[in-house]
Amino acid sequence: MKILIAPFIRSTKNDAAYYISNRLSSFFSERQHAVAVSTPLRSSVPSAALYEAAEPKRPRFFRNDYYSYEEWLYSFGALAKDYLHEDTEFILDAIDEFEPDAVICIDRPAAVIASRVRKIPCLPIINTAMYRNASLSIKIMQGINQVLSEYDLEQVFRIHTLYDSCTSRLIFGPLELQPLPPEVNVKRFGTVTHQQSLPEKSDGVYICFHELNKKPAAVRKMILEAFSGARYPVYCSVSGLPAEKVQNIHFITDLKEDILRQSGVCIHDGNDYICDICASNAIPQLIVTDHRYGRTANALAARRYGFGIMEDEAHLSVAALYENYRRLVVDQRFREAALAMREEIISLGDSDDLYRLILSLCRK
């Protein structure tokens, strides 16, 4: 079986698309299947062949206040006509050379277009925030509809409508984490990773900040003031900060999943992959959000179902960081809610179930 993964990676080794692509690539490679990833070469994914992808250019005058999926894509240049046309051609070339049995799409509309042109199965990974009701400026969807017309495909008003035309849609997380309109036909799995047993001891804090609108030096100072000298280890992955150790605090540059899975509390900025790991391992979460697309949905779910705390980025301070951490540790209701969420995730299956689904689709 050959699988082509087509992610929209904005920040190498930081964003959820990179983490998910890396996880799926390793997963299929370990089972002796050929895997290729369509991505700019700067975002290399181990254990996979790489095929070049177009590089989007951010529009000069578009505001950063993106609240819908379409506004988020547009703000990074991912819905521009020239980019989409070039990207579709790159993916068509990758399909012709690699000859995949299926394409897994992560925020790459061009992958859907190319798959439909070549008539091969396409499985986009979706999330609840894509279906958030929003009024859009006409210019946001102009580029993609022009490209769809070039390939004799129907026009769309929302990107999730494009995904609805695919062979199947994939979503990770239970209904509590990832609610969808009842009419959406989707294959739901508990986690994108492999479900593991809980460690005998959970201790320490894992911090992952890659989307904060604050200077890295200010974030470093805040973390040091909040946790320096504590009796537990603190591991921090913050964009723009180099690796270093200050007393009990370890600043790291790469995601350490083995350490995260054994942490007592995780503090992050809404990353889907980080939230997935925490939920599947019953780790209480403090999720810092600025209420834009990609950071809000997980924070609202954590607050709604009690497995974590939602904190507004504008109110983030040393006191807020430490006091919220203490609440998560002292109040056992957060841990109990996290354990209940883990049971829901286990009931929905993991990457092994995803593997069986894709294998059956390719055989058909």
Side-chain angles (χ1 to χ4, degrees), residues 16 19-20 23 127-129 171-180 188-211 226-227 230-237 255-289 294-313 316 320-351 353:
Y19 294 143
I20 294 172
R23 167 59 59 186
N127 63 65
T128 182
I171 196 166
F172 300 100
L175 195 61
E176 292 85 350
L177 268 178
Q178 296 284 353
L180 289 174
R188 187 181 291 273
F189 303 92
T191 173
V192 71
T193 65
H194 185 69
Q195 192 67 55
Q196 300 182 18
S197 58
L198 293 178
E200 294 183 4
K201 182 181 179 182
S202 298
D203 188 28
V205 184
Y206 196 101
I207 300 174
C208 189
F209 285 150
H210 297 300
E211 298 281 351
F227 297 110
R231 296 181 180 180
Y232 45 82
V234 179
Y235 288 85
C236 312
S237 175
L255 175 65
K256 305 293 184 184
E257 287 193 30
D258 54 337
I259 297 175
L260 173 56
R261 292 178 185 275
Q262 298 182 53
S263 299
V265 167
C266 180
I267 302 172
H268 64 97
D269 48 18
N271 184 292
D272 279 344
Y273 188 76
I274 301 299
C275 185
D276 180 292
I277 295 177
C278 293
S280 61
N281 288 274
I283 301 170
Q285 305 173 55
L286 168 58
I287 303 180
V288 181
T289 178
R295 295 178 59 184
T296 307
N298 292 325
L300 289 171
R303 184 175 67 180
R304 186 183 308 117
Y305 292 100
F307 61 86
I309 297 172
M310 174 179 174
E311 179 64 73
D312 194 308
E313 182 180 314
L316 189 62
L321 202 60
Y322 183 75
E323 290 304 321
N324 282 321
Y325 159 74
R326 290 295 301 165
R327 282 182 61 197
L328 291 172
V329 172
V330 173
D331 192 340
Q332 286 300 306
R333 289 177 295 182
F334 290 109
R335 173 67 171 176
E336 291 168 1
L339 287 168
M341 187 61 62
R342 170 181 158 86
E343 292 302 315
E344 287 289 324
I345 290 171
I346 291 174
S347 70
L348 292 169
D350 58 9
S351 50
D353 300 274

Would Tyr273 and Thr193 count as a side-chain contact (heavy atoms from CB on, under 4.5 Å) if you check the C-alpha gap in whole Å, the side-chain angles of each, and the deciding distance to 0.1 Å?
CA-CA 9 Å; Tyr273 188 76; Thr193 65; 3.5 Å; yes

Glu211 vs Asn271, test: side-chain contact (heavy atoms from CB on, under 4.5 Å). Steps then yes/no.
CA-CA 9 Å; Glu211 298 281 351; Asn271 184 292; over 6 Å; no

Stepwise, does the side-chain contact (heavy atoms from CB on, under 4.5 Å) test hold for Leu260 with Tyr235?
CA-CA 8 Å; Leu260 173 56; Tyr235 288 85; over 6 Å; no

Decide side-chain contact (heavy atoms from CB on, under 4.5 Å) for Gln285 and Val265; before the verdict, give the C-alpha distance in whole Å, the side-chain angles of both, and the deciding distance to 0.1 Å.
CA-CA 6 Å; Gln285 305 173 55; Val265 167; over 6 Å; no

Please report, to 0.1 Å, the donor-acceptor pairs under 3.5 Å made by any side chain of residues 334-348, with sequence neighbours excluded.
residue	atom	partner	partner atom	Å
Arg335	NH1	Ala282	O	2.6
Arg342	NH1	Gln196	O	3.2
Arg342	NH1	Ser280	O	2.8
Arg342	NH2	Gln196	O	3.3
Ser347	OG	Glu344	O	2.6

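For CZ of Arg333, the number of neighbouring non-hydrogen atoms (other residues, nucleotides, ligands) closer than 6.0 Å is 12 at most.
Using modelled atom types, no side-chain atom of Arg261 and backbone atom of Ile277 make a donor-acceptor pair closer than 3.5 Å. In terms of modelled atom types and a separation under 3.5 Å, the side chain of Tyr206 and the main chain of Lys256 share a donor-acceptor contact. Checked by atom type and distance alone, the side chain of Asp350 pairs as donor or acceptor with a backbone atom of Gln195 at under 3.5 Å. Side-chain atoms of Gln178 come within 3.5 Å of backbone N or O of Thr128 as a donor-acceptor pair. The backbone N or O of Arg327 lies less than 3.5 Å from no partner atom in the side chain of Asp331, so there is not a single donor-acceptor pair.
Counting all heavy atoms, side chain and backbone alike, Tyr19 lies closest to His210 at OH-NE2, 3.9 Å. His268 and Gly270 make their closest contact through ND1-N, 3.0 Å (heavy atoms, listed as atom of the first residue, atom of the second, distance). Taking each heavy atom of Arg295 and Thr289 in turn, the nearest pair found is O-OG1, 3.4 Å. Ile171 and Asn127 get closest at one heavy-atom pair: CD1-CA, 4.1 Å. Pairing each heavy atom of Ser263 with each of Ser202, the nearest pair is O-CB, 3.8 Å.
For the 3.5 Å distance criterion, the side chains of Asp276 and Thr191 qualify, holding a donor opposite an acceptor.
Going from atom CD1 of Ile274 over to atom OG of Ser237 covers 8.0 Å, rounded to the nearest 0.5 Å. Taking CD1 of Ile267 as the start and CD1 of Ile287 as the end, the distance is 11.0 Å to the nearest 0.5 Å. Taking OH of Tyr322 as the reference point, atom CG of Leu286 lies at 14.0 Å (rounded to 0.5 Å).
Classified by interplanar angle (parallel below 30°, tilted 30° to 60°, perpendicular above 60°), the ring pair Tyr325/Phe227 is perpendicular.
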